[in-house]
Amino acid sequence: MPQPQLINIALHVLAGSAAIGLGLFLLAMTKGTPAHRRHGRQFAWLTLLVCATAAVGNVLFGYRPVFAVLTVLVLYQLLSGWRAIYTRDAGPQAVDGAMTAAALAAGLLILLRLRQDASGQQAIVVLSSLGGLATIVVYDSARWLFPRRWHGVLWRYEHIYKLLASLFAMLSAAAGNLLRVGQPWTQLAPSLLGLLCIAWFWRRQYRQEAARAGAR
């Protein structure tokens with residue numbers, strides 16, 4: 001294995017481990033505090049490094065559709081979820097539309113290049129990940145039609161979904177690399193766990209908003 005590839009893998013593993021560890025730590029933190037925002041920015045930069053090294057690996061050192069689609073999925077969820085903080089009441093802007101179009105194009109290219117392996121396990125993971133990407137792209141496209149007053153409420157749910165989904169997608173990629181038994185289900189399990197976690201945080205957010213409305 002050439003030295004540049006080893007360096008790229010080392011950076012990818014170190015950044016991924018740090019991002020996953022920090023992301024799990026953020027789950028337990030009080031949301032909206034200065035510490036949460038500071039560690040959230042650190043998580044974003046680490047995840048960007050994970051995606052950059054994954055993209056370099058796919059382009060220069062061997063294309064693997066599973067990791068290509070997870071790279072696109074994690075990157076788009078991260079950027080779109082981060083943008084939700086800044087758009088808030090205003091709703092999506094031109095840069096958001098450009099990101100959605102780029103994610104759609106990348107997903108279509110991966111789908112066109114997809115080749116199922118003998119066991120079909122690779123196709124299961126790739127297609128499920130592409131399905132997750134398609135769901136987000138459809139929603140983000142529909143946002144342009146929403147009444148403006150909706151965005152002030154929905155941005156929090158978007159932020160929760162997309163940032164948690166990017167975290168658990170990285171866990172899914174890690175499981176695909178580290179766990180050689182029970183595939184593809186051991187790789188899909190983090191995604192299921194992530195959906196349960198998202199549902200819990202959505203419920204908590206809804207209850208907090210209902211409590212604030214009742215207090216008013």
Side-chain angles (χ1 to χ4, degrees), residues 9 11-27 39-59 63-85 99-100 102-111 113-114 121-140 157-179 182-202:
I9 291 173
L11 284 173
H12 182 76
V13 171
L14 289 173
S17 300
I20 291 171
L22 183 56
L24 294 175
F25 174 69
L26 280 165
L27 293 182
H39 291 308
R41 287 190 293 270
Q42 294 168 352
F43 171 79
W45 283 112
L46 286 169
T47 306
L48 285 174
L49 180 57
V50 171
C51 293
T53 52
V56 168
N58 268 283
V59 172
Y63 176 78
R64 296 178 65 182
V66 170
F67 298 117
V69 68
L70 286 173
T71 300
V72 174
L73 183 60
V74 170
L75 180 61
Y76 182 65
Q77 288 172 155
L78 175 75
L79 295 178
S80 184
W82 194 259
R83 282 284 302 165
I85 302 172
M99 288 194 307
T100 301
L104 176 61
L108 290 174
L109 286 173
I110 292 170
L111 183 61
R113 288 198 58 178
L114 177 62
Q121 294 179 355
Q122 180 177 323
I124 293 172
V125 177
V126 173
L127 291 175
S128 64
S129 300
L130 284 173
L133 178 64
T135 300
I136 300 172
V137 166
V138 168
Y139 171 81
D140 285 352
Y157 295 91
E158 289 182 26
H159 182 69
I160 290 169
Y161 178 88
K162 291 172 179 175
L163 270 295
L164 287 182
S166 66
L167 169 62
F168 283 94
M170 286 192 288
L171 276 171
S172 179
N177 271 318
L178 300 176
L179 303 177
Q183 293 289 350
W185 309 113
T186 49
Q187 191 168 349
L188 294 173
S191 297
L192 176 59
L193 180 61
L195 289 175
L196 294 174
C197 189
I198 289 166
W200 189 88
F201 277 99
W202 272 4

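Since we're looking at a predicted model, the values are computed, not measured.
L167 contributes atom CG, which lies 5.5 Å from atom CG of L24 (distance to the nearest 0.5 angstrom). Distance check: T47 OG1 to Q77 CD gives 11.0 Å after rounding to the nearest 0.5 Å. Rounding to the nearest 0.5 Å places CZ of R64 at 10.5 Å from CG of L70. Note: L111 CG to L127 CG = 7.0 Å, rounded to the nearest 0.5 Å. Note: E158 CD to I85 CD1 = 11.5 Å, rounded to the nearest 0.5 Å. Between the CD1 atom of I136 and the CG atom of L104 there is a distance of 12.5 Å, given to the nearest 0.5 Å.
Using modelled atom types, no side-chain atom of S172 and backbone atom of F168 make a donor-acceptor pair closer than 3.5 Å. A donor-acceptor pair under 3.5 Å links the side-chain atoms of T53 to the main chain of V50, judged by distance alone. In this structure, S166 contributes its side chain and L163 its backbone to a donor-acceptor pair below 3.5 Å.
A salt bridge links D140 with K162: the distance from a Lys NZ or Arg NE/NH1/NH2 to an Asp or Glu carboxylate oxygen falls below 4.0 Å.
Here the closest heavy-atom approach between residue Y161 and residue W202 is recorded as CB-CZ2, 3.8 Å. When all heavy atoms are compared, the tightest approach of A165 to I198 is N-CD1, 4.2 Å. When all heavy atoms of A54 and T71 are compared, the closest pair comes out as CB-OG1, 3.2 Å. Residues H39 and L26 come closest through the heavy atom pair CB-CD2, 3.6 Å.
Under the 30°/60° scheme for interplanar angles, the aromatic rings of W82 and H159 are found to be tilted.
The side-chain heavy atoms of T100 and Y139, taken from C-beta on, include no pair separated by under 4.5 Å. Between C197 and L27, the closest side-chain pair of non-hydrogen atoms falls below 4.5 Å. Side-chain contact check for V72 versus L130: every heavy-atom pair is 4.5 Å or farther apart.
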